[in-house]
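What follows is a set of notes on a single structure, which appears directly below.
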There are 2 protein chains.
Amino acid sequence: MRARGLRVSTARRLVLQALFAAEGPVSAQQLARELAVDTTSVYRNLELLERFGVVRHVHLGHGAGLYVLAGRREFEYLYCERCENVTPVATHDLDPVRSHLEREFGFRAGFTHFAIVGVCKRCARRRRQ
Amino acid sequence: MRARGLRVSTARRLVLQALFAAEGPVSAQQLARELAVDTTSVYRNLELLERFGVVRHVHLGHGAGLYVLAGRREFEYLYCERCENVTPVATHDLDPVRSHLEREFGFRAGFTHFAIVGVCKRCARRRRQ
DNA sequence: ATACTTGCAAATGATTTGCCAGTGT
DNA sequence: ACACTGGCAAATCATTTGCAAGTAT
């Protein structure tokens with residue numbers, strides 16, 4: 001799978017496995033803690049895997065960057081600034097949005113680096129404004 | 001204008017004036033340097049002004065948060081990840097996008113905290129993919 | 001006079017870099 | 001063997017906090 005120049009070190013495998021098993025995006029710190037691998041190594045591996053296109057990272061609200069496998073179906077995220085809930089959405093669900101931005105501004109938007117921040121259905125119902 | 005409990009200290013006035021004069025979002029560091037005010041004070045004033053709704057901040061690519069007056073017409077930003085160019089857009093220009101997200105996911109999106117990241121017209125023309 | 005503000009030093013949190021010892025191939 | 005990796009300490013960047021001195025009201 002990834003025998004193109006990359007060694008299969010223990011830390012590397014662990015990081016990959018953890019990302020594979022994860023339900024959502026995880027921080028480098030979390031990975032380091034859970035895997036008992038030094039934070040530095042986690043960062044170095046994530047960076048390397050990111051260069052190889054295997055991993056990518058997102059920013060939800062404030063706070064640390066979060067890492068995910070690049071191959072996931074749900075590629076983009078709606079982040080509720082009230083309850084901090086994260087709703088992953090499939091790329092094609094945002095295609096209409098992308099088309100609109102392309103038509104209107106000639107801009108090819110990706111929503112993979114930053115989440116779309118706002119207020120989720122439940123929180124909108126709950127409180128006014 | 002802001003005589004509702006706030007003192008009008010020199011640093012405060014300078015920060016506000018600088019933001020008023022600025023063409024786009026600026027970092028706290030830039031303000032501190034340009035105004036010869038301590039970075040700490042700049043941050044403290046920005047934070048305070050943000051709480052009072054006078055100022056807000058955005059994140060374009062990576063790097064420091066950038067501050068703008070809250071009253072600006074161009075409220076949201078398209079950020080090109082290739083050339084780092086920033087295109088401000090008026091809120092109502094993104095209304096169709098917001099409507100779509102609301103209809104589709106019941107999600108009230110704001111694009112004020114994170115820029116919309118992608119590839120601008122010019123860069124899309126320039127290089128393939 | 002007094003509470004709000006400042007600057008400076010130091011702390012924090014995320015991420016990166018240097019360096020040497022350890023290990024996959 | 002040897003280049004690639006890992007851990008640990010220390011550096012860096014953005015931002016925050018503590019504290020004593022300064023200032024707007």
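Only a predicted model underlies this, so the values are computations on that prediction, with no experimental measurement involved. Letters A, B, ... are given to chains in the order of the sequence lines, protein chains preceding strands, and every chain is numbered from 1.
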> Between A:Q30 (CD) and C:dT15 (P), how many Å, whole number?
Replying inline: 11 Å

>> Expressed as a whole number of angstroms, how long is the span from B:D38:CG to D:dT17:P?
In response: 15 Å

> Would you say B:T112 and B:V58 make side-chain contact, with heavy atoms under 4.5 Å?
Replying inline: no

> Which nucleotide, C:dT15, D:dC4, C:dT6, lies nearest any side-chain atom of A:A64?
Replying inline: C:dT15

>> Strictly below 4.0 Å, N to O, side chains only: are A:E76 and A:R98 in salt-bridge contact?
In response: yes

>> As a test of reading the structure: which of C:dG18, C:dC8, D:dG6 is closest to the side chain of A:T40, going by heavy atoms?
In response: C:dG18

> Can a donor-acceptor pair under 3.5 Å be found between the side-chain atoms of B:R44 and the base atoms of C:dG7?
Replying inline: yes

> With a non-hydrogen cut-off below 4.0 angstrom, is A:G63 in contact with a base, only sugar-phosphate, or nothing?
Replying inline: nothing

> If you pin B:A28 and A:T39 to their nearest nucleotides in DNA chain D, which one's is more 5'?
Replying inline: A:T39

>> Contact between B:T87 and A:F105 at the side-chain level, heavy atoms closer than 4.5 Å - yes or no?
In response: no

> Does any non-hydrogen side-chain atom of A:N45 lie less than 4.5 Å from one of A:V55?
Replying inline: no

> Any side-chain heavy atom of A:I116 sitting closer than 4.5 Å to one from B:F107?
Replying inline: yes

> Would you say B:V68 and B:R56 make side-chain contact, with heavy atoms under 4.5 Å?
Replying inline: yes

>> When you compare the side chain of B:P25 with that of B:Y77, does any pair of heavy atoms fall below 4.5 Å?
In response: yes

>> How many whole angstroms separate atom CG of B:L35 from atom P of C:dG7?
In response: 11 Å

> Can you check the A:L48 CG to C:dT16 C1' distance for me, whole Å?
Replying inline: 15 Å

Give me the distances for all protein-to-nucleotides 20-25 of chain D N/O pairs that come in under 3.5 Å?
residue	atom	partner	partner atom	Å
D:dA24	N3	B:R7	NH1	3.3

> Would you say the ring centroid of A:H113 lies under 6.0 angstrom from that of B:H59?
Replying inline: no

>> What is the distance, to the nearest angstrom, from the NE2 atom on B:H59 to the P atom on C:dA14?
In response: 14 Å

> Over how many whole Å does the gap from A:H62 atom NE2 to C:dT12 atom C1' extend?
Replying inline: 16 Å

> Taking the nucleotide of DNA chain D with the closest heavy atom to each, which residue, A:N45 or B:S27, is nearer the 5' end?
Replying inline: A:N45

> Would a 4.5 Å heavy-atom cut-off, applied to side chains only, mark A:L48 and A:L6 as touching?
Replying inline: yes

> Taking OP1 and OP2 of C:dA14, is either one under 4.0 Å from a side-chain nitrogen or oxygen of A:Q29?
Replying inline: yes

> Want to know the stems of DNA chain D: at least 3 consecutive Watson-Crick or G-U pairs with distances under 3.5 Å, which are they?
Replying inline: C:1-10 with D:16-25, C:12-14 with D:12-14, C:16-25 with D:1-10

> Any donor and acceptor pair, going by atom type alone, linking the side chain of A:S41 with main-chain N or O of A:V37 inside 3.5 Å?
Replying inline: no

>> In whole Å, I'd like the distance from the CG atom of B:L66 to the P atom of D:dC13.
In response: 17 Å

>> Can you measure B:R33 atom CZ to C:dG7 atom C1' for me and round it to whole angstrom units?
In response: 18 Å

>> With a 4.0 Å limit, can you tell me whether B:S41 has a side-chain N or O closer than that to the phosphate oxygens OP1/OP2 of C:dG7?
In response: yes

